[in-house]
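Reviewing the structure listed below.
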Amino acid sequence: MSPSLDHLPVVHAAARLEHVRYAIRDMAVLAEQLAREGKTILPLNIGDPLKFDFRTPPHLIAAVEKAMRDGHNGYAPSLGIPEAVEAIRAEAERKGIRNLQSVFLTAGVSEALEICLTALVNAGENVLSPCPEYPLYSAILAKLGTEPNSYLLDEKNEWEPDLEDIARKINSRTRGILVSNPNNPTGAVYSRPTLERITELARQHHLVIFADEIYDKLILDEAPHATLATLAPDVPVVSFNGLSKSYLVPGWRVGWGVVSGEAATVKPYLEGIHQLLRARLCSNHPQQFAVRPALEGSQDHLIEVRSKLRVRRDLTVRACRTTPHMSCGAPRGAFYAFPKIDIPDSDEDFVKRLLVEKHVLMVHGTGFGQAPGTKHVRIVFLPNEATLTRAYEGLQAFIAEHYA
Ligand code: PLP
């Protein structure tokens, strides 16, 4: 007979987790339950191209396999293997980043963000983060005990950052600003004047800019992407990028940070980052051998990726614009759309019922933060046209049945 467990105290999670949310995965739990009941779910929720018809370029797999066979299975240098560091540095220089002070590899952009924010902010200080945002930003900031401080992205202005709101929100405890461009969840690609204005505010208020540019090779329109760090070589900028999205290996966890700015200004901060990089030993070793072939080898797969995404983006925008109670700008980068929904219910209820009744899985706007009084859903348009078409038919039927 097993002993009674009644007298054992419950193990509580730390209070700091109260503000950690990850709606993208939370909604997936309900979808898994429906799938176990035999329902076919149409997944428009998760930004993993490998779940759809996108395949890793074979030369990257060959490079990692070779690295493993050659015995590169021990710990790597804390900042990364020299050939990967050099390839990232060379690419940063090709993009026009000057005053480059450090390059380091991490387990995805996720770990780079965590390390660089941890090395900068004290409890009670704050970092401006976008609203809506990629939820990892506020999860890390909450964990660090910072004050929440978000700036609005302006839906009426193609989701560009609201510069007046940024200026208003900067206070004596603001240490940095997070910029996601191309943006998750809106698909916006910011204009050069907007980015220049952000660098001016950062210069004026001594802020570190965190430029998350993980989607910068997934631009779906003609207008080019401006690399933020190139606009202000004197301002401390950490540019983040990695192999997950553009090179179709999110599970390999290969990301990096590139720090630029005046050497003397960033020195102590850089030492803090390096200290944390050493404390966690290193990032995945054999996978780092894919970085040079990725950045310097054939980029042909990107042509196909972008052309598939353009078709799926257009299909998505057409569907959203012909759906009553829904409005949507055209995403210009990445693979996300963030249409507005005009309904009496909460967007979380909307998304849950859409999933239960039509088996279409999207994520509610509240999972990303949104301007007060507005409601949205985030759509990932990675699935093929047939899946997207069925999903949008389900969406339109759902809206007709509940909100006619
Ligand atoms: N930054 C943004 C804006 C993302 O959308 C994602 C993943 O969806 C990440 C970072 C995480 O990237 P990684 O796989 O390199 O950790």
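In what follows, every heavy atom counts, from backbone to side chain, and hydrogens, waters and symmetry copies are set aside. We count ligands from 1, going down the list as the structure has it; atoms in each ligand are counted the same way.
Listed by number with element, the atoms of ligand 1 under 4.0 angstrom from any heavy atom of Asp212 are 1 (N), 2 (C), 3 (C), 10 (C). Per-residue contacts place Arg253 under 4.0 angstrom from the following atoms of ligand 1 (heavy atoms of the residue considered): 13 (P), 14 (O), 16 (O). The ligand atoms of ligand 1 that sit less than 4.0 angstrom from a heavy atom of Ile214 are 1 (N), 2 (C), 12 (O), 15 (O). Less than 4.0 angstrom separates some heavy atom of Lys245 from each of these atoms of ligand 1: 7 (C), 8 (O).
Geometric assessment of Lys66 against the ring of Phe289 yields a negative cation-pi assignment under the 6.0 Å and 45° thresholds.
For Tyr137, no nitrogen or oxygen atom sits less than 3.5 Å from a nitrogen or oxygen atom of ligand 1, counting backbone and side chain alike.
Heavy-atom distances between Gly108 and ligand 1 reach below 4.0 Å in at least one pair.
When heavy-atom distances to ligand 1 are checked against a 4.0 Å cut-off, Tyr215 comes that close only through its side chain, counted from C-beta outward. Contact annotation for Asn184 and ligand 1: only side-chain heavy atoms (C-beta onward) come within less than 4.0 Å of the ligand. For Ser110, heavy-atom contacts with ligand 1 shorter than 4.0 Å involve the backbone as well as the side chain.
Each of Leu309, Ile379, Asn184 was evaluated against Phe335; a single residue qualifies, Leu309, per the side-chain contact (heavy atoms from CB on, under 4.5 Å) test.
For Tyr247 and His301, the gap between ring centers is short of 6.0 Å. Tyr137 and Phe210 have their aromatic ring centers separated by at least 6.0 angstrom. For Tyr75 and His285, the gap between ring centers reaches or exceeds 6.0 Å.
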With side-chain hydrogen bond (donor to acceptor under 3.5 Å, both in side chains) as the criterion, how do Thr316 and Tyr392 come out once you've worked through the C-alpha distance, each side chain's angles and the decisive distance to 0.1 Å? CA-CA 8 Å; Thr316 299; Tyr392 299 141; 2.8 Å; yes

N/O donor to acceptor pairs below 3.5 angstrom from side-chain atoms of residues 318-325, sequence neighbours left out:
unit_1, atom_1, unit_2, atom_2, d
Arg321, NE, Cys328, O, 2.9
Arg321, NH2, Cys328, O, 3.1
Thr322, OG1, Arg318, O, 2.9
Thr322, OG1, Ala319, O, 3.2
Thr322, OG1, Gln396, NE2, 3.4
Thr323, OG1, Ala319, O, 2.6
Thr323, OG1, Gln396, NE2, 2.8
His325, ND1, Asp342, O, 3.1
His325, NE2, Tyr403, O, 2.8

